[in-house]
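Here is the structure we will look at.
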Amino acid sequence: MPKNSPDLNSLDQIGLDQASGVGPKLQEQLRKLGLNSIEDALYHLPLRYEDRRQFRTISQLQTGRQEVFCARVLAAGETRTSRSNRRIFELIVGDDTGRISLKWFNYRKKWLEKRFSVGQQSVFIGEIKSFGIHKEIHHPDAELLPAGGDPTVILRKDPLKFGRILPVYSLTDGLSQYRIRKIWFELVKKYAVYINSSLPDHILKKYNFLPLANALLDSHWPEADASLQQLELGTDKARRSIVYDEFFFLELGLALKRHGVELAKGIAFKVEHLYTKPLTKILPFRLTDAQRRVLGEIKVDMMSLAPMHRLIQGDVGSGKTIVALMAALIAIENQTQVAVVAPTEILAEQHYATFSQWLKKLGLRCELLRSGTSAGDKKRILADLEAGDIHLLVGTHAVLQAGVEFKKLGLGIVDEQHRFGVKQRAVLKQKGNNPDILVMTATPIPRTLSMTLYGDLSLSVIDELPPGRKPVKTAHYSGKNRSSAYRALQQQLILGHQAYIVYPLVEETENSDLLAATEASAALAEHFPQARIGLLHGRIKQADKDAVMNSFRNHQIDILVATTVIEVGVDVANATIMIVEHADRFGLAQLHQLRGRVGRGGDESFCFLISSDHYSDEARRRLKVMVDTNDGFRISEADLEIRGPGEFLGTRQSGIPDFRVASILRDGSILEQARQDAFKYAESTNYLKDNDSISVKKELLKRWGGRLDLATIG
Ligand code: ADP
Ligand code: MG
């Protein structure tokens, strides 16, 4: 190793100011991109690539691509655009195969005139735009050629400019591609070699992957014979090697976590159907095949001594709650208690209504605990809970607080909707002695995602809706056409049904252009004089909220005007129509959840999405997806596509390491492969206790930072 060479494992400790060409100002700019260390920079791969190995002819130029070609200036000068009469500078350049127009909209006239006199030969680089049959380039780069010079000389002149496939990096303000390329070129050349591969050898060999150092080098500076198409698709060997490496260490961590769960001793429940059998007799419906299958999976887990750690994933309305109730009854017949934790007060209340309805009929006791529970009631509930007199406790995070003690907690049910609360699960576990854990989520996350997000949970999917459900008919209207939606609403009221009208915000806090739900309900009263209208929003006191929800459930209210507090779980089958105002301001997952409030009975249901006067293209795409499909999986896939995985996941909260290169969306198949390999590797090395897995273990701990506590996972 040369003198002054960096410590093999400390590239993440070396600041970017150590790279040549990076001063304090640039260092600050890079910090804003999330790049702090040399290691960060090595993993900051090009956004795309430009093929500058050869010149194209003008006839070969393709619209939408960044192209490089050699041509002669035929005409140059200032003109005006025909449309806006704006001053522009234009060059007409040509070669043996054709001509193309190059345009500048911001320019220094003198400088351009001096540079491009008629007859001047130059290499031009730029993105080809197409206007009808007419092609042009705006603000091209140019490399002038000496008169009579051989253009191909340029290909060998500067490797940062021509003669190879060049990386294109995401830019920070005021930084030229050339400068960033130069910095990265030096940096990668100097430091990539110190990144060592920790992947087990047999895996590198099996897939013929490149060692990380080479993979990084090749990703930044592709080989001369690299396939541009593969580079563009991200399927080149170098990138695949890096992606696999990231996924492998992610999945290895998950495998260890999962193993920790399996090792712990929990409760082996006996299933005698003491309560579940009577329940099936009084339920007004038969379980769907999917519900039955999932319940079977849960039973197997519950009967085993290892603690259950299972996720039930199912679209809105797929009937997760009944399945959770059945599991709860099994825990109860084994003389243990059950906790049900919901993310919002409304949802807790809803679960309480469902659970207590059935438990009461079976002679069991169910209580509700939330932040608003009075001191007296709370004291009584806590005492009874500790004495074991309460069979099932429903609540918000209040259930997780200190002081809430169970006599014997057997099963914790967490309704997460689309939050990924790793911490909640951990707290709940500590309320008992390795109780079983059942997590419900309504967001149908694509499989590849749930594998990573919930990698330490087993997955059960309810992929079937109860019979008779019709898809909710959905339309998108502008505010001008609101009256059609109102007519449809009126019609549903006449048929004896109920309606939701949803607003994004209550009272104009900062955005005075928002129709406030409070104001709107007054206006609606005028519009629907016969209807009983209720109002529900975040600032209403809890007791009043409950009263409103109960009235709506009992059909003492016809139209419920609400903010998104109804987003999760509210279940009123007679509600058949929903109007969402400012629908463009809601995310896809949210809209899907909202719409799931209707179409819960057998009646035909409707959803009208009313957009604001102005909305983004992205919002238009979201609304179109909603109109096109009711399928939660398709919606969440579209969501992932529109928003990108980072935002979709909010990985920060999810308790898994961030990806630097890999994309769950793009690299799903590599993820699955890596998962299989990692789980197999974990098992074959006795969960990294074998000697030859020492370096793998070291790397694993580094990647996961503090998020992987090997002491507690065996
Ligand atoms: P989720 O929580 O999955 O959104 P719920 O458990 O709230 O769905 O169920 C939605 C509605 O469907 C509830 O009114 C529930 O009683 C009803 N339901 C559940 N399972 C069935 C079934 N097998 N057949 C008919 N209705 C069902
Ligand atoms: Mg539910």
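No experiment lies behind these values; they were computed from the predicted model shown. Whatever order the structure lists ligands and atoms in, that order sets their numbers, starting from 1. Residue indices begin at 1 and follow the sequence shown.
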Open item on the list: So that I can tick it off, tell me whether Asp639 and Arg622 are bridged by a salt bridge, with the cut-off set at under 4.0 angstrom between side-chain N and carboxylate O.
Closed with: no
Task: Region of Asp315 that comes within reach of ligand 1 [heavy atoms, distance under 4.0 Å] - done: backbone
Open item on the list: So, applying side chain to side chain donor-acceptor pair (under 3.5 Å) with Thr576, which one of Glu604, Arg600, Gln492 is it?
Closed with: Gln492
Task: Residue portion contacting ligand 1 (non-hydrogen atoms closer than 4.0 Å) for Met440 - done: neither
Task: Salt-bridge criterion met for Arg621 and Asp584 (N-O under 4.0 Å) - done: no
Task: Atoms of ligand 1 close to Arg286 [distance to a heavy atom under 4.0 angstrom, numbered from 1] - done: 22 (C), 23 (N), 24 (N)
Open item on the list: Could you check whether any heavy atom of Ser318 sits closer than 4.0 Å to an atom of ligand 1, since that is the contact criterion I want to use?
Closed with: yes
Task: Thr288: numbered ligand 1 atoms lying under 4.0 Å from its heavy atoms - done: 23 (N)
Open item on the list: If the cut-off is 4.0 Å to any non-hydrogen atom of Leu287, which atoms of ligand 1 fall inside it?
Closed with: 23 (N)
TODO: Identify whether the distance between the nearest side-chain nitrogen and carboxylate oxygen of Arg370 and Glu349 falls below 4.0 Å.
DONE: yes
Task: N or O contact, Gly319 vs ligand 1, cut-off under 3.5 Å - done: yes
Open item on the list: Which label fits Tyr486 and Phe528: parallel for a plane angle under 30°, tilted from 30 to 60°, or perpendicular past 60°?
Closed with: perpendicular
- [ ] In plain terms, say whether Arg365 and Glu367 are close enough for a salt bridge, that is, a side-chain N and a carboxylate O under 4.0 Å apart.
- [x] yes
TODO: Check the side chains of Asp315 and His592 for a donor-acceptor pair under 3.5 angstrom, ignoring hydrogens and angles.
DONE: yes
Task: Under 3.5 Å: N/O of Gly317 near N/O of ligand 1 - done: yes
- [ ] With heavy atoms of Thr321 as the reference, note each atom of ligand 1 found under 4.0 Å away.
- [x] 2 (O), 5 (P), 6 (O), 7 (O)
